[in-house]
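Counting starts at 1 for both ligands and their atoms, following the listed order.
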Amino acid sequence: MALRTPLGSRVVARNRTRRRNTPPRSRPLKFLFVVGGVMSGVGKGVASASIALLLEARGIRTTALKIDPYINVDAGTMNPTEHGEVFVLADGMETDQDMGNYERFLNRNLSRANYMTTGSIYLSVIEKERNLAYGGRNVEVVPDIPLEVIHRIRRAAELDGAEVAVVEIGGTVGEYQNILFLEAIRMLKIEEPDNVGVVLVSYLPVPSTIGEMKTKPTQYAARTLNSAGVFADIILARAPRPIDAKRREKIARACSVPPQRVISAPDVANIYEVPLNFEREHLTDELCLLLGLQRRCRPTADLTPWRAFVRRSKRAKETLRIAVVGKYFHSGDFVLADVYLSVLEAIKFSAWQKGVRPELEYVSTIPFEQGTSLATLDAFDAIVVPGGFGSRGIEGTLKVVSYARTRKIPYLGLCYGMQLMVIEYARNVAGLKGAHTTEINPHTPHPVVMVLPEQEALLKRQQFGGTMRLGEYPAILKAGTIAAEAYFGSRGRRQRRDENEQQLLITERHRHRYEVNPEYVRPLEEAGLVFSGVSPDGRLMEIAELPREVHPFMVGTQFHPEFRARPLAPHPLFTAFIQVAYERRRHAA
Ligand code: GLN
């Protein structure tokens, strides 16, 4: 049996889910921690995702984890204006939006093992203690919390068959909240100095009054990190522009890093260029040297598909104006586009694939409730109504849905956007006056959207956290519909299918509590609405749409297709939507 150190090394890849090209037992897991200095919002998530992509492009299986410092056990209970988008993994975990970036860059699904928060870590330590897993000893914040962090990183790497774990630590160094994660790095580094690397993502401001790039905040950030017993091996110098030789030297000297490990990381218009810039700066060579992987990795990266994708994104000239309609836009005077991040990215991937450049505009629905004319929507080629919760702005959104339907503007409704499409149709076409979702009006005469009994029980007990219908569920599509054609092409187009033919089965990620009320399915269908995607048991309506003869593209999904859209694999529904918007625009021109 292999010897185990107190921090559990030599446990890499010993399990059943090991993949073919995973490291043999003797190869230790390499840890690459990504920490932030100076301030948040400088792209630590994109940097981590890019690093993971670059290592994979050198043939090294890499997984990416996010550790968030808050007490919330997952991101599901947080208000979007507080937190940004809640990303949902295939297994139903509600996470920070950085997990979305990791999946998009790595082009594969990650699991709940790749995400943790202070709350979830404490919860499992306490549960273990209650189960006597610590054998009766005193369980302490240090070392037991950092040990749990390390244990979880190893487990995530093992499940993903990874040789390197890129671990992004939320927040900024110097915050009280993430000190225990820095302690995990320190402890690990003592025991495995050759297997641990630290990347500091810092920021170099250029004050407009002097126009000079300043290094001092980065020097302070490096020292703050040092005071936690952790030393940066590589510094990513995020800044409005590339760093010059003089400042590179200065940072190298002050922060005890060789100059070639100070990596220039200027602002970019398109985040997908970041890995290409890093590669140009020889970041991957340095990372491989740092982690002792130079003999394992390919000498050059295979970034061919990624480069082609970035080229496509730049080549797109013709524009398409798309309204993203919602309410979570403002934080003080600031417009928060982050809340719908995956939706925006999903639109971009499909548009770029078609060679068009999407111009995305955030349209708040509140003014429509106060009498602003909906005619402003005529300027758009398409309308997207993403997911949401609660009553604010909803009557305004319903007006937008109505406008899109009657003016035949291509419409894509996601989750709430589908429920509102059903409500609008019930009220204005099916003649069900006052139809609503019980989320907003529990006493509506026509609860066309409602909670199912199992969800009602949870709500009564106030069990809100992690109890929505979350993650992947299958749906069966109706042949001949817009949805079936989008997903299955000519196979989905055929109106009649012979009995032996395979079902048109899809799997998509969900995050909702309310459902189309089964009792209203018949009357809605009789009024012309088509439920083109239904759960295999026939009980849950997954996609609603209008027939092509009535509207060029009016489709709503109870699930969130945006979570599955990838740069190298755009989502078929978004692609179909963009295609129709594009054709309509061409026609009008
Ligand atoms: N509020 C709706 C529900 O809970 C929609 C949720 C969403 O859009 N993600 O069902």
Side-chain angles (χ1 to χ4, degrees), residues 74-90 92-95 97 100 324-329 338-344 346 365 383-398 400-401 411-424 426 435-442 444 447-460 462-473 475 508-518 520 531 533 535 539-544 555-565 573:
D74 57 40
T77 51
M78 265 178 283
N79 188 328
T81 47
E82 186 101 355
H83 175 271
E85 173 180 271
V86 175
F87 190 80
V88 182
L89 300 180
M93 181 78 176
E94 297 168 283
T95 74
Q97 63 194 32
V324 179
V325 175
K327 65 172 180 179
Y328 301 115
F329 291 127
D338 263 15
V339 175
Y340 305 115
L341 188 73
S342 295
V343 177
L344 309 184
T365 59
I383 295 175
V384 180
V385 175
F389 295 83
S391 62
R392 198 165 62 90
I394 286 310
E395 288 303 321
T397 316
L398 284 165
V400 173
V401 179
Y411 173 93
L412 182 60
L414 309 169
C415 206
Y416 217 5
M418 178 256 205
Q419 295 174 357
L420 294 169
M421 177 180 150
V422 171
I423 293 165
E424 192 277 334
H436 222 321
T437 163
T438 56
E439 177 174 355
I440 298 183
N441 180 6
T444 166
V448 290
V449 177
M450 48 126 31
V451 272
L452 295 179
E454 53 269 33
Q455 278 290 337
E456 191 143 37
L458 292 164
L459 291 180
K460 281 216 177 93
Q462 299 207 311
Q463 289 176 338
F464 299 117
T467 60
M468 279 188 253
R469 183 164 174 257
L470 291 168
E472 279 190 350
Y473 287 95
E508 291 281 1
R509 300 186 192 180
H510 296 69
R511 181 173 186 249
H512 64 113
R513 227 179 266 287
Y514 294 79
E515 301 280 353
V516 171
N517 185 342
Y520 282 90
F531 288 106
S535 64
R539 191 164 154 245
L540 308 175
M541 299 304 114
E542 293 279 7
I543 310 179
V555 177
T557 62
Q558 185 56 81
F559 50 82
H560 291 270
E562 68 270 24
F563 294 141
R564 267 196 339 118
L573 259 188

Polar contacts were defined as any N/O atom of the residue lying under 3.5 Å from an N/O atom of the ligand; does this apply to [X] and ligand 1?
X      : value
Leu414 : no
Glu439 : yes
His512 : no

*asked:* So is Glu515 touching ligand 1 or not, going by heavy atoms under 4.0 Å?
replied: no
Nearest neighbour in protein (non-hydrogen) for [atom]:
atom                    : value
atom 4 (O) of ligand 1  : Arg513 N, 3.0 Å
atom 7 (C) of ligand 1  : Cys415 SG, 3.0 Å
atom 10 (O) of ligand 1 : Tyr514 N, 2.9 Å

For Val86 and Phe563 the tightest heavy-atom approach is O-CZ, 3.5 Å
### Check against side-chain contact (heavy atoms from CB on, under 4.5 Å), Met93 and Asp74
CA-CA 8 Å; Met93 181 78 176; Asp74 57 40; 4.1 Å; yes
I want to check something: taking the side chain as every heavy atom from C-beta on, are Tyr416 and Val385 in contact at a cut-off of under 4.5 Å?
no
(Q) With a 4.5 Å cut-off on side-chain heavy atoms, are His436 and Ile394 touching? (A) yes
Looking at Gly387, Gly388, Gly390, the heavy atom closest to atom 6 (C) of ligand 1 belongs to Gly388
Report the residue from [options] that forms a side-chain hydrogen bond (donor to acceptor under 3.5 Å, both in side chains) with [X].
X      : options                      : answer
Ser342 : Gln97, Arg509, Arg564, Glu85 : Glu85
His510 : His560, Glu542, Gln558       : Glu542
Thr467 : Gln455, Arg513, Glu454       : Arg513

So the atoms of ligand 1 within less than 4.0 Å of a heavy atom of Arg511 turn out to be 6 (C), 7 (C), 9 (N)
One finds that the ligand 1 atoms under 4.0 Å from a non-hydrogen atom of His560 are 9 (N)
